[in-house]
2 protein chains.
Amino acid sequence: MEQLERLSSIARRRIIPANHYIFRDGDEAISFAAVNSGVVKLIKTTSEGERHVIGLVYAPEFLGHTFAETHKFSAAAATDVDICTFPRQAFNRLLLEYPDMQRWLFEFTVQELDVTREWTLMLGRKSSYERVASLLLIIARRTRNAGAQPVHENCAEFELPLTRSELADYLGLTLETVSRKVSQLKQQGLIELRSTRDVVVPNVELLAEAASMYEHRESAKAAKVAAFPA
Amino acid sequence: MEQLERLSSIARRRIIPANHYIFRDGDEAISFAAVNSGVVKLIKTTSEGERHVIGLVYAPEFLGHTFAETHKFSAAAATDVDICTFPRQAFNRLLLEYPDMQRWLFEFTVQELDVTREWTLMLGRKSSYERVASLLLIIARRTRNAGAQPVHENCAEFELPLTRSELADYLGLTLETVSRKVSQLKQQGLIELRSTRDVVVPNVELLAEAASMYEHRESAKAAKVAAFPA
DNA sequence: CGGGATATTGATGCCGTTCAAAAACAGTGG
DNA sequence: CCACTGTTTTTGAACGGCATCAATATCCCG
């Protein structure tokens, strides 16, 4: 349809090799990009100059800081990446012309907000073991969405797009702890390692349990939030 | 102007006493609400039935899960609250009519996403002491925005809208730890307590330092994110 | 003034960090 | 193909911060 034609007319396709930046914190914003294949890591540079992984974007997902003049974080290719970028100005003009598109993008952003809130919640509360399991689970699922594997299968195999150090950073742990917990998951049979980066999950259900189970600090710990019926 | 008239024509003003719910997780969405005065706490109910504080909304900020059919979290009045709610259907119709409004709301949501990401980053990395300091600092600043105090003053006073237990929950700590850290901040002169809920910050700058300082795990610990120039 | 919720403070233990060293891996050049 | 070097990962031992359990103190409101 018309919108898609207009969209593709301003799109610029780029192939970006692994470990190269797509854009950097503070760059003039490119507005928006669609990831066709590969995995992108989002990196935030704090005021002290440290770099921290704050997110992953899998194909066929989207990427970008709509409306902002400059990017608030960096994006780098975790694997070789194939993306379409849309120049900010032209893209914003399109959005004004097609409210449907803007609305769609809006809903997408709201969803992203939900996911981020969920992640925050989990970082604040789960043990290191559960966190590592959770991240592996999420990556497993998103890899499946990206194609390749049948979704209904109860097993999965994927390549980790991050180093142990980056995993640790993403999870708010140290790389040693991540390594230990991965080993622990392996020895409990919840995962297998073909190589350090190549993970096999024989039973996704079991991993999902490990991701949130463990009494640790359950219902007993939930803050009693005083509030009456509305 | 026209838009504002239309807006206020569908608005419903409500006064909600402290500790009453405004809406609950799963309720049919009210779409959007503007907080005129008071503080609202956002509460997420996890699958296991625990309630966790995930955010605060100060006047004159906004609140809502635009476009969603049902709310993904609950909102409760932390203090007496005066809000205007906008019924979802009517509000969404207005958004379609006035793209400017939708865009404005969009930008607002994007900003919220940024704030949430920032918060996540901080929860993953800061010590309990820094976290408590950070939260007090944020509350101090937002209270000032809410009116009352002059912004340029380097001191602040405010009432905590949350119990220690809720503070702890928000920060991913226990209420005992929060209590200890508050005491510690007090004995270091960074804050004073008129009562347990009434906080005075004699020097906001100093508190800000406490909120992010402390060698703990600084630059040395930042994951080395391998990435070449774009 | 009394009683229930909220907050402070103390003692102990565990999980994750820290420091350190060895092992696995990847790339390079002979 | 293999020795050589730098990087990533694993594993070990000791320390420390935060959680946990428990007791006391303070606040709030009828």
Side-chain angles (χ1 to χ4, degrees), chain A residues 17-19 53 78 123-133 136 159-187 191 193-199 214-228, chain B residues 17-19 53 78-79 123-133 136 159-187 191-199 214-228:
Chain A
N19 288 325
V53 176
L123 279 190
R125 274 154 261 283
K126 289 189 182 177
S127 69
S128 63
Y129 184 78
E130 295 168 302
R131 289 191 215 183
V132 172
L136 291 180
E159 181 122 349
L160 279 175
L162 301 176
T163 68
R164 293 287 187 275
S165 170
E166 288 171 322
L167 290 175
D169 186 56
Y170 195 14
L171 291 167
L173 299 170
T174 60
L175 90 181
E176 294 96 326
T177 298
V178 169
S179 179
R180 274 184 250 274
K181 296 309 166 184
V182 167
S183 300
Q184 206 170 319
L185 284 165
K186 183 173 68 177
Q187 110 184 22
I191 62 171
L193 294 181
R194 288 205 196 296
S195 73
T196 47
R197 294 290 197 92
D198 198 348
V199 180
Y214 275 167
E215 72 297 352
H216 274 318
R217 27 163 157 169
E218 290 310 326
S219 28
K221 299 292 303 307
K224 278 183 294 182
V225 176
F228 308 161
Chain B
N19 288 327
V53 176
T79 66
L123 279 190
R125 273 154 262 284
K126 289 189 181 177
S127 70
S128 62
Y129 184 78
E130 293 168 305
R131 290 191 215 183
V132 172
L136 292 180
E159 180 122 351
L160 279 175
L162 301 177
T163 67
R164 294 286 187 274
S165 170
E166 289 170 323
L167 290 175
D169 186 57
Y170 196 14
L171 292 168
L173 299 169
T174 60
L175 90 182
E176 293 96 327
T177 299
V178 169
S179 180
R180 272 183 250 275
K181 296 309 165 184
V182 168
S183 300
Q184 205 170 320
L185 283 165
K186 182 173 68 176
Q187 111 183 22
I191 62 172
E192 294 159 25
L193 294 181
R194 290 207 195 293
S195 73
T196 46
R197 295 290 198 92
D198 199 348
V199 181
Y214 274 168
E215 72 296 352
H216 275 318
R217 27 163 158 168
E218 290 310 326
S219 30
K221 299 294 303 309
K224 279 183 294 182
V225 177
F228 308 162

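Each chain gets a letter, A, B and so on, in the order its sequence line appears, and its residues count up from 1.
Summarising the geometry, the separation between CG on B/Leu162 and P on C/dT6 is reported as 13 Å, rounded to the nearest angstrom. If you take CG of B/Leu175 and C1' of D/dC27, they are 15 Å apart, rounded to a whole angstrom. Distance A/Glu176 CD to C/dA22 P: 16 Å, rounded to the nearest Å. Atom CD1 in B/Ile191 sits roughly 14 Å away from atom C1' in C/dA7 (whole-Å rounding). Atom CG in A/Leu193 sits about 10 Å away from atom P in D/dT11, given to the nearest Å. For A/Arg164 and C/dA24, the CZ to P distance is 15 Å, given to the nearest whole Å. Spacing between atom NZ of B/Lys126 and atom P of D/dC18 amounts to 14 Å, rounded to whole angstrom units. For B/Leu167 and D/dC18, the CG to C1' distance is 17 Å, given to the nearest whole Å.
Within the 4.5 Å cutoff, no side-chain heavy atoms of B/Leu173 are placed close to those of B/Lys181. When side chains are defined from C-beta on, B/Asp169 counts as touching A/Arg125, because their heavy atoms get closer than 4.5 Å.
Between the axis at the start and the axis at the end of the helix from C/dC1-D/dG30 to C/dG30-D/dC1 there is an angle of 40°, using five pairs per end and rounding to 10 degrees.
Within 3.5 Å, no donor on the side chain of B/Arg125 pairs with an acceptor on the base of C/dT17, nor the reverse. For C/dG16, its base never sits under 3.5 Å from the side chain of A/Arg131 at any donor and acceptor pair. One can find a donor-acceptor pair under 3.5 Å joining the base of D/dG12 and the side-chain atoms of A/Arg180.
Interatomic distance, B/Asp198 CG to B/Glu192 CD, rounded to the nearest 0.5 Å: 11.0 Å. Separation of atoms CG (A/Leu160) and CD (A/Glu166) is listed at 10.5 Å; rounding is to 0.5 Å. Atoms OG1 and CG, on B/Thr79 and B/Leu162 in that order, are 10.5 Å from each other to the nearest 0.5 Å.
Here the shortest heavy-atom pairing between B/Ala78 and B/Pro161 reads CB-O, 3.5 Å.
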Inset, instruction - Output, in order, the C-alpha distance, side-chain angles, deciding distance and verdict of side-chain contact (heavy atoms from CB on, under 4.5 Å) for B/Val132 and B/Gln184. - result: CA-CA 10 Å; B/Val132 172; B/Gln184 205 170 320; over 6 Å; no
Inset, instruction - Start with the C-alpha gap between B/Leu193 and B/Val199, add the side-chain angles, then the distance that decides, and say whether side-chain contact (heavy atoms from CB on, under 4.5 Å) holds. - result: CA-CA 5 Å; B/Leu193 294 181; B/Val199 181; 3.8 Å; yes
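Between B/Thr163 and the phosphate of C/dA5, there is no side-chain N or O to OP1/OP2 separation shorter than 4.0 Å. Side-chain N/O atoms of A/Thr177 include none lying less than 4.0 angstrom from OP1 or OP2 on C/dG16. Dashed line: the shortest gap from a side-chain N or O of A/Ser179 to OP1 or OP2 of D/dT11 is not under 4.0 Å.
Looking at B/Arg197, its side chain never comes within 3.5 Å of a backbone N or O of B/Glu159 through a donor-acceptor pair.
Within 4.0 Å (heavy atoms only), A/Ser128 reaches sugar-phosphate atoms of the nucleic acid but no base atom.
B/Ala168 pairs by the side chain to side chain contact (heavy atoms under 4.5 Å, CB included) definition with B/Leu175, B/Val178, not counting sequence neighbours.
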Show the distances under 3.5 angstrom between N or O atoms of the protein and N or O atoms of nucleotides 28-30 of chain D.
none

